[in-house]
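Worksheet for the structure shown next.
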Amino acid sequence: MEQGLRSDGNNPPSIDKTRVLDVKPLRCLAPVFPSPNGMSSVSTPQPSPFVCVPPTGPFPPGVAPFYPFVAPNDSGRPGESSQQTPSGVPNQGGPFGFAQPISPVPLNSFRTPTTANGNSGRSRRAVDDDDYSNSQDQNDQFASGFSVHVNNVEDSGTGKKRGRPKKPRRAQQAEGLTPVEVDVEPLLTLLLTSFKLVDLDQVKKADGDKELAGRVLLVFDLFRRRMTQIDESRDGPGSGRRPDLKASNMLMTKGVRTNQTKRIGNAPGIEVGDIFFFRMELCLVGLHAPTMAGIDYMSVKLTMDEEPLAVSIVSSGGYDDDGGDGDVLIYTGQGGVQRKDGQVFDQKLERGNLALEKSVHRANEVRVIRGVKDVAYPTGKIYIYDGLYKIQESWAEKNKVGCNVFKYKLLRVPGQPEAFKVWKSIQQWKDGVASRVGVILPDLTSGAESQPVCLVNDVDDEKGPAYFTYIPSLKYSKPFVMPRPSPSCHCVGGCQPGDSNCACIQSNGGFLPYSSLGVLLSYKTLIHECGSACSCPPNCRNRMSQGGPKARLEVFKTKNRGWGLRSWDPIRGGGFICEYAGEVIDAGNYSDDNYIFDATRIYAPLEAERDYNDESRKVPFPLVISAKNGGNISRFMNHSCSPNVYWQLVVRQSNNEATYHIAFFAIRHIPPMQELTFDYGMDKADHRRKKCLCGSLNCRGYFY
DNA sequence: GCCCGATCATGATT
DNA sequence: CAATCATGATCGGG
């Protein structure tokens, strides 16, 4: 957000303990959005800190989409989109710099959805050894991600080849055991039903909004993560099955997509600053249609004939594009350079290159998506929607190997929220080239975490939150005694997916709960992590919540809600954020304590849990944590009725003793500097109510 | 309408 | 770690 980037150059004052001590805890209240409606998402000067959720009431049984996102219509006038023509691109004429309105002609037509055949196969419940009693119902089946089907018949005569035949697979296959095949079709169907994405009408497919785009992306990611988990459990780590492609393919063939109509200008529902981790995500929400090509364009009808105009580009750095200062982008045309046989050719003025050339003269706005390296995972890439640009000029030049390439100079349209520039600033803070403005303490953890967490206030004079002791983990006065202890594992090198001998994987229903990137692969009622009696090292994948936060976080003063938590690093959907540290106290035994996590409250369920689990998420242990006197960064996470963070119960046990923990994971991709919030849940004790002014459309009006 | 090829992918391996 | 490989999907154009 922009306030984070102001540079007025004063040095951070040293901390004054006497003032700090008297400050009241303030993790409450006050609106975040000045105006709940009528603001165009395009012209809003800064990105909304929260994505919002429609007002479904506290917990409606089986009605509205359970995890929706607020939909400020792109036009800001919700009723109007239905009045547009079915081909539906609003012609605003003016903004494109044309004398006449453009009437765009989409080059593609709708793909007919193919009907999915339900695969047959003998159904079997996954191994499920949860050690609290009444979880062996449908509930747990859903929470662990649907049932598992075993194909005993090899491909049943369809003749369909899958995977690569080359490398021999390890584990089961190598030993000649029956490979476990999971039919993912019903899994997807269930997700689509839960999120009301079955039979999207043509209008919604053609033109989206924020709420719909959010749902599509959420389902894609949930599905993709689950398929990653299934693939790995069958083939072991490193199975190159491209779950991203498979997931998006299945969604697209079912017509689960939006903004399929190409348009010049912003894609409805996609905000400047939004981030993506797969090219396919750009396709699904119509931000950029081609799966690989960097230039998207459409045929536009002008006075007499049609001509192609560029609508969006992806700058991935593959052609040594010059990043410039953040408002300028030098973009290289497509084609020419890479050939299989090593031969190189001149680029031709056709396709995307031609469209960009035309767009120079028409001066239309072009969406720009900037690809950057994912620092947390160098082989991955992150795509940042950086808003609208206009092409100032174009030219041809010789590249290093002497071929002609086209170059285009793009200038960012002023008045848009900062996006890529935020990333640049953060990089400068990290490199020490520039200093973060308003830093009160460089590291409020005093080195207790692997990364510093700075305390920042750039909005007023307050010198810090009330004094507390920083403790990085949870304090138990007495561990819980397990009635049915689970065995510990013997994975010396760390638990590996697909290892059917690993006791901890068995406890988790046969799946490793986390990906190699620290992403939670499917939500569960309870996750069994490795404990002190396990043989695996501390960096084992099944100890995700034990290693402290991975992202670079900061505690900052919000405008109206006291102190809050946010991240300098982008966080992928499902990514681990931190544990709720503090002191375990007796349930119900708190009154004047604003730093409580109470697992016995009623919480909005996530994904497919909704329909049958209306009451509450089941908690096998009445865990209540107070972080009033001591805690970690999560004590600063504010409440929101439409949060971007979700908690997940985790148990670590060794022998017959266990400790339960609360681990926080990102619900969706979270761009840098967006405040992290979770839902505090509902309490039966009315007197604990506080007024909530989080401003989201589905705000319940209060929280606890 | 069908097929084919171009395309700033992804992930793992060498 | 940069280069390479294998697998891949969409869309425009022939």
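Residue numbers begin at 1 in each chain, while the letters A, B, ... track the order of the sequences. Computed from a predicted model, the values in this text were never measured in an experiment.
Among the nucleotides C/dG12, C/dT10, B/dA9, the one closest to the side chain of A/Arg279 is B/dA9. Checking B/dT10, B/dA12, B/dC8 against every side-chain atom of A/Gln334, the shortest atom distance belongs to B/dC8. If you check B/dC8, C/dA9, C/dG13 against the side chain of A/Asn249, the one that comes closest is C/dA9. Ranking C/dG12, B/dC8, B/dT10 by closeness to the A/Lys262 side chain, first place goes to C/dG12.
Positionally, the nearest nucleotide of DNA chain B for A/Glu350 lies more toward the 5' end than for the other of A/Glu350 and A/Arg224. Each of A/Thr291 and A/Asp296 was assigned the nucleotide of DNA chain C with the nearest heavy atom; the assignment lying further toward the 5' end belongs to A/Thr291. In terms of position on DNA chain C, the residue among A/Lys373 and A/Met292 whose nearest nucleotide sits closer to the 5' end is A/Lys373.
Put simply, CG on A/Leu282 is 14 Å from P on C/dT10, counting in whole angstrom units. Rounded to an integer number of Å, the gap from CG of A/Asp244 to P of B/dA12 is 11 Å. Counting to the nearest Å, the C1' atom of B/dA6 and the OH atom of A/Tyr297 are 10 Å from each other. The CZ atom of A/Arg257 sits 10 Å away from the C1' atom of C/dC11 (whole-angstrom rounding). As rounded to whole Å, 13 Å separates atom C1' of C/dT10 from atom CZ of A/Arg351. Rounded to whole angstrom, the span from the CG atom of A/Leu245 across to the P atom of C/dC11 amounts to 13 Å. Atom CG in A/Asp374 sits about 15 Å away from atom C1' in B/dA9, given to the nearest Å. Atoms CZ (A/Arg225) and P (B/dT10) sit 17 Å apart, rounded to a whole Å.
Ring centroids of A/His669 and A/Phe276 are separated by 6.0 Å or more, keeping the two rings apart. Two rings, from A/Phe665 and A/Phe576, have their centers less than 6.0 Å apart.
An OP1 or OP2 oxygen of B/dA12 is reached within less than 4.0 angstrom by a side-chain nitrogen or oxygen of A/Tyr377.
Using modelled atom types, one finds no donor on one side chain facing an acceptor on the other under 3.5 Å when comparing A/Gln416 with A/Tyr389. Checked by atom type, the side-chain pair A/Glu529/A/Ser545 shows a donor-acceptor distance below 3.5 Å. Using modelled atom types, one finds no donor on one side chain facing an acceptor on the other under 3.5 Å when comparing A/Lys204 with A/Thr258. Counting only N and O atoms by type, the side chains of A/Asp431 and A/Gln427 include a donor and acceptor under 3.5 Å apart.
For DNA chain C, runs of at least 3 consecutive pairs of the Watson-Crick or G-U wobble type, with both hydrogen-bonding distances under 3.5 angstrom, map to B:2-7 with C:9-14, B:9-14 with C:2-7.
Here A/Thr379 lies out of heavy-atom contact (under 4.0 Å) with every strand.
When atom types are taken as modelled, the side chain of A/His288 and the backbone of A/Ala293 share a donor-acceptor pair closer than 3.5 angstrom. Between the side chain of A/Arg412 and the backbone N or O of A/Asp386 there is at least one donor-acceptor pair closer than 3.5 Å.
Going from the P atom of B/dT7 to that of C/dT7 covers 22 Å, rounded to whole Å.
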